[in-house]
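A short worksheet on the structure shown next.
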Amino acid sequence: MIDSFNSIGISRRYVIALLISFFYCTIGANAQILKGIVVDARTHEPIIGAVVGVKTKDGVSGGASTDVDGHFSLAVKSVPTTIVASYTGYNNEEISIFELNNEEIQIELTENFNALQGVVVVGYGTQKRENLTTSVSSVNGKALTELSSNSFENALAGKASGVSITVPNGAVGQAPIVHVRGVSSITSGTQPLYVIDGVPIASDQYSSMTTNNPLATINPADIESLDVLKDASAAALYGSRAANGVVLITTKQGKKGKVQVNYQGTLSVTSAASLYDILNATQYVAMKNLAVANRYGTDEISLTTGYESPYGNKAFNLIRDKNGKVVDTDWQDYVTRDGWSNTHTVSIGGGNDNVTYYLSANHLNQNGIQVGNNLVRNLVTANIKAKVNNWLSLGGKVTLSESNLTDYEYHNNSYYGGAGAGLFWSALNNAPNIPKFFDDGSIWNYYGQTGRGPNTTNIAMSTAASFIETGSGVKQNSQQTIYNFNADFTPIKGLIIRSQYGRNIYRIEDRAYFAPEAGMDSAAGYAANAFTKVDQYTWTNTIDYQFDIKDTHNFDFLAGVEVFEKKRNAWGAARSQQGDLDNDIFAGAFNTIASRGNTARPADRKSV
């Protein structure tokens, strides 16, 4: 046949080209196009760069990648067939196709938390984990909600290597101690730097009277991911502030698609794992009298000259109540309880190709295992992201929160010179042969002290009942505002010019009142008021250029300037010698007053 073509002047080269063209046209006519979208099964967010191919006996062939909106187009020779969708950090998904039409199919991939995660937040940007050379631990936001906790730091325990979480006590609202790779400090602090969506936030202890945790105003249910920068190279961009590591928190954003409304609620109960094994009243009296007899040769003696106990002739005696029953007070049991807590989160999110939004509200009510220890928190967060055009995107976020804490303990004594003031301290140190109340129902109290009573030596501390029945303790109100606005310019592919302004305002007010019965300040009544405001802002401008060469060489150039300012204002005053027993606030009638206050404003910080 070729020879006949040559006879009419057609060369072999053109004939072969025509045959090859005919071959490809035949295949093209037989193949059909399958269109679809690949999304995250949980968030329904489009997955960029997922690979979709046709399953064969030898594996997968004819792969197509999803675009920035998660869409793909795949050539399929015939049906029925099976296609496979895959993406780093997700489980592969197989879909059987029996017919083809013009409708798009949707493939949902589920996360594989045991697999290598695709992208990690590092400093002022992100990197593929496969390209990462620094030490970073990543925790998915879902893992932080597996346990009921009022703060994400507590939920982080055991989930990030090299991160140690220690809770100093069982008080609600207590900030845990977080150490990243041990203890290392430049300015004597040991806590890491916390950055939420690019905004460093206040995390120090600002209460003058009790515990406080500014980070407890972040709802764990609003966290998308958490990355811990652990070594010097990973945290270098933040300078000396990162001497103890950096915790980068990325919160949830709105997802393209239908409006989604979610509710998450928890109900939990906490109890003391163990209490001290203490003596009962009979054992206490016997032990004390034995010690007196060993010292003085007899236990029928008064340890205070001129005082004779009305309850017996020994140094320590038992009391019987009006029903004839021996008084045996378990002070630990009196001040502890099972602590019930509940939290509720409602979120709504959605969007389209140009605008996405997310809004959530949270309510927490937590009762501690110590009587009177309670935390109520309300917060709302909202964010929006808008794609103005192909080269400009705008975004913004705001979080508002308010917390109210009550506590009979006086954990921080900076406003009162005494040590160990508080409910549980009194419960651990008081005698079990002392009743909570006199027979007439009034509090057992002698001028702000337990006194002698059945014992011939004075107990200078007040009883736990003196705190609980008079409402003596600390009330704390804290309010936090976090907001940021950003603009992203993308003039060419791979180049992102970003400007972000973020601000964090934290206000905390402590009000303390201790009635004369509580024994504070020479049993004359004590009240104090303290207020602290922390205001800090960060303005960050960066230029980030990323590109690849032959998919084997990855380049990322980052340059920028950041301005950071932190200002702290505080004032406080304490009053004693209560003149009006019906007034339990600082502004009431007290005879003495002492004040204090300060303003601290570090110099602006710029980094390039």
Side-chain angles (χ1 to χ4, degrees), residues 19-120 126-132 138 140 142 224-225 253 255-258 260 351-353 356 387 390 490 493-494 546-556:
L19 292 174
I20 292 175
S21 298
F22 177 78
F23 177 75
Y24 275 108
C25 289
T26 303
I27 292 179
N30 292 333
Q32 302 181 65
I33 301 300
L34 172 67
K35 295 183 178 182
I37 183 173
V38 180
V39 299
D40 184 294
R42 181 176 61 87
T43 64
H44 293 282
E45 180 184 13
I47 297 177
I48 304 171
V51 177
V52 183
V54 177
K55 184 178 181 180
T56 66
K57 63 179 181 179
D58 298 323
V60 179
S61 66
S65 297
T66 56
D67 59 18
V68 293
D69 297 318
H71 294 285
F72 69 91
S73 296
L74 178 67
V76 177
K77 294 181 181 180
S78 62
V79 291
T81 188
T82 300
I83 63 172
V84 180
S86 61
Y87 186 70
T88 302
Y90 289 77
N91 297 308
N92 293 352
E93 184 70 16
E94 295 186 5
I95 304 293
S96 297
I97 305 297
F98 297 97
E99 63 178 357
L100 296 173
N101 49 45
N102 294 326
E103 295 181 1
E104 284 190 343
I105 66 169
Q106 179 169 300
I107 304 175
E108 298 182 353
L109 298 185
T110 58
E111 293 174 280
N112 181 359
F113 294 106
N114 295 321
L116 191 65
Q117 296 298 307
V119 177
V120 179
T126 61
Q127 283 188 10
K128 294 181 179 179
R129 182 175 287 277
E130 61 186 13
N131 299 330
L132 197 62
S138 300
N140 190 280
K142 183 178 180 180
E224 183 70 28
S225 65
Q253 304 289 322
K255 311 299 180 182
K256 174 185 172 182
K258 296 181 179 179
Q260 292 188 349
N352 52 37
D353 291 336
T356 58
K387 182 180 179 181
N390 291 332
T490 311
K493 182 180 179 181
Q546 300 180 15
F547 61 94
D548 300 335
I549 298 179
K550 296 183 179 180
D551 296 327
T552 56
H553 303 285
N554 310 105
F555 296 89
D556 188 348

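Starting from 1, each residue takes its place in the sequence as its number.
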If you measure from CD on Gln260 to NE2 on His44, what distance do you get to the nearest 0.5 Å? 5.0 Å
Report the residue from Val51, Val38, Asp67, Ile37 that forms a side chain to side chain contact (heavy atoms under 4.5 Å, CB included) with Phe72. Val38
Does some side-chain heavy atom of Ile33 sit less than 4.5 Å from a side-chain heavy atom of Val76? no
Ser73 and Ala64 have their tightest heavy-atom pair at O-CB, 3.4 Å
Could you grab the distance from atom CD1 of Ile95 to atom OG1 of Thr81, nearest 0.5 Å is fine? 12.0 Å
Measuring only between side-chain heavy atoms, which start at C-beta, is Ile83 closer than 4.5 Å to Leu34? yes
Could you check whether any side-chain N or O of Thr66 sits under 3.5 Å from a backbone N or O of Ile47, counting only pairs where one atom can act as donor and the other as acceptor? yes
Does some side-chain heavy atom of Glu104 sit less than 4.5 Å from a side-chain heavy atom of Lys35? yes
Around atom CG of Asn390, are there more than 12 heavy atoms from other residues, nucleotides or ligands closer than 6.0 Å? no
Minimum-distance pair of heavy atoms, taken over all atoms of Val54 and Ala75: CG2-O, 4.2 Å
From CD1 (Ile107) to CD (Glu94), nearest 0.5 Å: 11.0 Å
Is a salt bridge present between Lys256 and Asp353, judged by a nitrogen-to-oxygen distance below 4.0 Å? yes
What I want to check is whether the side chains of Glu108 and Gln106 have a donor and an acceptor closer together than 3.5 Å. yes
Taking the side chain as every heavy atom from C-beta outward, state whether Asn91 and Leu109 have any pair of such atoms under 4.5 Å apart. no
Heavy-atom closest pair (Ile105 atom, Ile97 atom, distance to 0.1 Å) is CD1-CD1, 4.1 Å
